[in-house]
There are 2 protein chains.
Amino acid sequence: MKKELPACPVEVTLQLIGDKWKVLILRDLMDGTKRFGVLKKGINGVSQKVLTANLRMMETSGLVSRKVYAEVPPRVEYTLTKTGYSLKPVLDVMTVWGEEYKEKME
Amino acid sequence: MKKELPACPVEVTLQLIGDKWKVLILRDLMDGTKRFGVLKKGINGVSQKVLTANLRMMETSGLVSRKVYAEVPPRVEYTLTKTGYSLKPVLDVMTVWGEEYKEKME
DNA sequence: CAGTATCCGCACGGATACTG
DNA sequence: CAGTATCCGTGCGGATACTG
């Protein structure tokens with residue numbers, strides 16, 4: 001049931017991060033490890049279900065690692081893997097472009 | 001009915017190009033002006049409807065310009081605007097990252 | 001050729017309730 | 001707290017047919 005990687009490299013990238021929520025998750029995790037609840041609070045408007053689903057995908061893609069602590073109440077922390085962190089330049093370029101675009105449009 | 005720009009710049013960019021087809025259209029148009037039919041043939045698997053819709057969106061976003069020739073049979077050409085072309089670095093970074101990711105995964 | 005118009009199915013996201 | 005489970009509505013993309 002694994003999704004095939006597209007032939008075109010730019011599509012590969014898009015498939016992994018081209019998603020309303022995934023970029024926001026990545027951006028939040030660039031600062032460092034965060035708990036599920038903190039992520040949820042930081043990202044405005046995600047439901048649990050969708051956030052969980054996105055994190056799972058990113059885990060299978062190797063972008064994010066998930067650490068569960070055997071505590072009560074449970075604690076789960078998410079961290080970027082090296083691969084995940086290597087997306088920083090991509091996000092940066094997108095951010096810069098977005099800023100310039102917004103300025104131009106005002 | 002115009003879509004609001006999100007607060008976060010990276011979301012702005014994503015809203016404009018974070019779409020399976022839009023990146024492919026952009027990539028194809030980076031080479032220069034193309035006719036509708038050529039675009040359709042170049043992009044594997046798009047339906048007319050969806051291609052048209054995407055081009056319209058990109059036109060309203062100011063990424064693409066559309067030129068109609070008063071001929072029979074009709075000819076319509078699409079060209080990147082300056083703003084559209086300014087996305088090149090973004091696509092390039094995404095492409096490079098995608099290539100590296102694919103290598104790593106093999 | 002380059003569209004518009006219409007119908008249709010289903011995948012996806014939201015809301016809610018329940019659990020280890 | 002950090003999830004799963006379930007139901008449900010709609011929106012988007014595909015297919016097809018028609019047109020300037």
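Given the structure is predicted, the values throughout are model-derived calculations rather than measurements.
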P6(A) versus K102(B), closest heavy-atom pair with distance: O-NZ, 3.4 Å
Expressed as a whole number of angstroms, how long is the span from E59(B):CD to dA2(C):C1'? 14 Å
K104(A), NZ atom: more than 12 neighbouring heavy atoms under 6.0 Å: yes
Phosphate-side-chain proximity, R66(A) and dA2(D), N/O vs OP1/OP2 below 4.0 Å: no
Side-chain atoms of T52(A) come closest, of dA2(D), dC1(C), dT4(D), to dT4(D)
Would you check if V90(A) and V96(B) make a side-chain contact, meaning some heavy-atom pair closer than 4.5 Å? no
Taking all non-hydrogen atoms of both residues into account, name the closest pair between M30(B) and L87(B) and its distance. CE-C, 4.1 Å
Check the distance between dC1(C)'s P and K40(B)'s NZ and give it to me in whole angstrom. 12 Å
Taking the minimum atom-to-atom distance to the side chain of V50(B), which one of dG13(C), dG3(C), dG14(D) wins? dG14(D)
Does R75(A) put a side-chain nitrogen or oxygen below 4.0 Å from OP1 or OP2 of dA2(D)? no
Using a 4.0 Å heavy-atom cut-off, write out nucleotides 15-20 of chain C from 5' to 3' as B (base contacted by protein), S (sugar-phosphate only) or - (no contact). B-B--B
For DNA chain C, consecutive-pair runs of 3 or more (Watson-Crick or G-U wobble, both H-bond-type distances under 3.5 Å) give C:1-20 with D:1-20
Whole angstrom value for the distance that separates C1' of dG14(D) from CG of N44(B): 15 Å
CD of E71(A) versus P of dG3(D): gap in Å, rounded? 13 Å
Across the strands shown, which category fits Y69(B) at heavy-atom distances under 4.0 angstrom: base, sugar-phosphate, nothing? nothing
What distance do N54(A) atom CG and I17(A) atom CD1 have between them, rounded to the nearest 0.5 Å? 12.5 Å
Quick one: L55(A) CG to dA2(D) C1', roughly how many Å, whole number? 11 Å
I need the L80(B) CG to L29(B) CG distance, nearest 0.5 Å. 4.5 Å
Given that V68(B) and K20(A) both sit by DNA chain C, which one's nearest nucleotide is further toward the 5' end? V68(B)
Hey, does the side chain of R56(A) come within less than 4.0 Å of dA2(D)'s phosphate (OP1/OP2), counting only N and O? no
Over all heavy atoms of both residues, which pair between L16(A) and S61(A) is shortest? Give the atoms and the distance, please. CD2-OG, 3.5 Å
State the OG1-CH2 distance between T83(A) and W97(B), to the nearest 0.5 angstrom. 7.0 Å
For a 4.5 angstrom cut-off between non-hydrogen side-chain atoms, does F36(B) reach L55(B)? yes
Toward the 5' end of DNA chain C, which comes first, G37(B) or G45(A), by nearest nucleotide? G37(B)
